[in-house]
2 protein chains.
Amino acid sequence: MHDMRIGELAERARVSTRALRYYEEQGILHSERTPSGQRVYGESAVERVRLIQHLFSAGLASRTIAVILPCVDTGHAPPEMLSSLHTERDRITNVIADLEQARQRLDDVIELTEHPDAEHCDRVRDAAERTNAILELADQPG
Amino acid sequence: MHDMRIGELAERARVSTRALRYYEEQGILHSERTPSGQRVYGESAVERVRLIQHLFSAGLASRTIAVILPCVDTGHAPPEMLSSLHTERDRITNVIADLEQARQRLDDVIELTEHPDAEHCDRVRDAAERTNAILELADQPG
DNA sequence: CCTCACGTTGACGTCAAGGGCAAGTCGACT
DNA sequence: AGTCGACTTGCCCTTGACGTCAACGTGAGG
């Protein structure tokens with residue numbers, strides 16, 4: 001099982017030890033302790049820290065993560081948490097959609113810069129206009 | 001063209017006026033000014049602010065946004081910026097992948113909680129294992 | 001002219017996610 | 001026994017994205 005201390009985990013998960021202690025402080029990463037108090041982690045901690053980083057880098061707050069991670073750990077959720085799980089799921093879905101849109105804009109710019117021929121310009125401009133139209137529609141207040 | 005002042009833009013784009021002034025301070029949102037100094041925005045500012053929000057909520061920093069937004073504005077990029085555009089594009093792609101993975105974990109938990117029958121359990125557990133295997137592989141240092 | 005909501009800049013406050021330092025402890029090696 | 005790097009807690013510092021408050025200007029209506 002190759003248990004490790006905080007330094008090795010930090011190195012393998014590419015975060016600082018400070019960050020790992022912070023995660024523990026926030027209740028999103030747990031550790032065993034040696035009799036003298038040093039933190040000891042199992043192999044699975046590496047993947048867990050990566051997941052935490054992904055969630056952070058996607059804009060989730062530590063308290064949100066603290067709420068959903070235990071469910072991911074145990075593989076199931078108390079039924080009264082289902083709604084908040086759905087909420088977070090939807091939030092993530094929205095962020096993904098926003099990101100895909102932003103990426104599409106970048107792609108348009110890249111495409112236009114790399115292949116500035118007229119047909120491409122028209123196609124891309126049209127696509128941008130459709131995107132905008134969709135945006136407007138999606139935004140009409142009920 | 002229905003120009004507007006900062007209050008209306010804030011309302012329509014669902015951000016605070018403080019945020020809008022902050023965006024201007026960071027050079028990612030520009031405004032015309034009346035002779036007396038009040039900010040005036042055109043219709044397109046609404047969509048622009050939304051895009052800014054999306055990028056922020058996806059974890060991009062304001063300086064990153066400041067770099068790429070002008071290209072999105074003009075629709076093309078100086079060739080020497082292409083590589084950094086590609087870099088940002090790839091970064092966004094990675095964030096999307098991370099998010100999709102995180103969402104998949106949430107979906108697994110939701111599925112297991114809502115339909116805790118044995119077949120589903122097996123299927124989901126297998127999927128999780130495959131996911132982990134992929135993660136491990138994707139991470140082997142060159 | 002007065003009012004009153006809306007606008008301006010400037011400065012300070014806040015909150016999250018850590019960074020960095022200090023002062024002491026642990027543990028492996030010589 | 002000494003030493004040296006990795007570890008501990010505690011504390012304050014920094015950065016980004018705003019919130020908030022102060023003190024003041026603007027402009028359309030009564």
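Side chains are part of it too, since the values below use all heavy atoms of this structure and drop only hydrogens, waters and symmetry mates. What you see is a predicted model; the values in this text were computed from it and never measured. So that the names make sense, note that chain A is the first sequence line, chain B the second, and so on, each numbered from 1.
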K.L.:
Please name all residues satisfying side chain to side chain contact (heavy atoms under 4.5 Å, CB included) with B:S84, sequence neighbours left out, ordered by chain then number.
P.N.:
B:M81

K.L.:
If you look only at pairs with a residue in residues 59-77 of chain A, which of them pass as a salt bridge (charged side-chain N to carboxylate O under 4.0 Å, His left out), with sequence neighbours excluded?
P.N.:
A:R48-A:D73

K.L.:
Could you tell me how far apart B:L55 (CG) and D:dC18 (C1') are, to the nearest whole angstrom?
P.N.:
17 Å

K.L.:
So, B:T64 side chain and B:L60 main chain: donor-acceptor pair closer than 3.5 Å or not?
P.N.:
no

K.L.:
Please name all residues satisfying salt bridge (charged side-chain N to carboxylate O under 4.0 Å, His left out) with A:D90, sequence neighbours left out, ordered by chain then number.
P.N.:
none

K.L.:
If I take atom CD in residue A:E25 and atom P in nucleotide D:dC11, what distance separates them, rounded to the nearest angstrom?
P.N.:
12 Å

K.L.:
What is the distance from CE of A:M4 to C1' of D:dC7, rounded to the nearest Å?
P.N.:
16 Å

K.L.:
Please test A:E100 against B:H54 for side-chain hydrogen bond (donor to acceptor under 3.5 Å, both in side chains), starting from the C-alpha separation and ending with a verdict.
P.N.:
CA-CA 10 Å; A:E100 280 172 343; B:H54 293 164; over 6 Å; no

K.L.:
Please identify each residue that fulfils salt bridge (charged side-chain N to carboxylate O under 4.0 Å, His left out) with B:R91, with sequence neighbours left out.
P.N.:
B:E88

K.L.:
So does A:R21 get a side-chain nitrogen or oxygen closer than 4.0 Å to the phosphate oxygens (OP1/OP2) of C:dA17?
P.N.:
no

K.L.:
Tell me whether the OP1 or OP2 atom of C:dT8 has a side-chain N or O from B:R39 closer than 4.0 Å.
P.N.:
yes

K.L.:
For B:S44, check side chain to side chain contact (heavy atoms under 4.5 Å, CB included) against everything at least two apart and list the hits.
P.N.:
none

K.L.:
Please tabulate the protein-to-nucleotide N/O contacts below 3.5 Å involving nucleotides 23-27 of chain D, giving atom names and distances.
P.N.:
| unit_1 | atom_1 | unit_2 | atom_2 | d |
| --- | --- | --- | --- | --- |
| D:dT26 | O3' | B:S36 | OG | 3.4 |
| D:dG27 | OP1 | B:S36 | OG | 3.2 |

K.L.:
Could you work out, with side chain to side chain contact (heavy atoms under 4.5 Å, CB included) as the rule, every residue matching A:T74, not counting sequence neighbours?
P.N.:
A:H76

K.L.:
Once you round it to whole Å, what is the distance between P of C:dG7 and CD of B:E11?
P.N.:
10 Å

K.L.:
Find the distance A:I6:CD1 to C:dC26:C1' and express it as a whole number of Å.
P.N.:
15 Å

K.L.:
Hey, what are the protein-to-nucleotides 18-21 of chain C N/O distances that come in under 3.5 Å?
P.N.:
| unit_1 | atom_1 | unit_2 | atom_2 | d |
| --- | --- | --- | --- | --- |
| C:dG18 | OP2 | A:Y23 | OH | 3.2 |
| C:dG19 | OP2 | A:S16 | OG | 2.3 |
| C:dG19 | N7 | A:R18 | NE | 3.1 |
| C:dG19 | O6 | A:R18 | NH2 | 3.0 |
| C:dG20 | O6 | A:R18 | NE | 3.1 |

K.L.:
Does A:R63 place a side-chain N or O at less than 4.0 Å from the phosphate oxygens OP1/OP2 of C:dA16?
P.N.:
yes

K.L.:
What residues, two or more places apart in sequence or in another chain, satisfy side chain to side chain contact (heavy atoms under 4.5 Å, CB included) together with B:T87?
P.N.:
none

K.L.:
Measure from CD on A:E24 to P on D:dG10 and round the result to the nearest Å.
P.N.:
12 Å

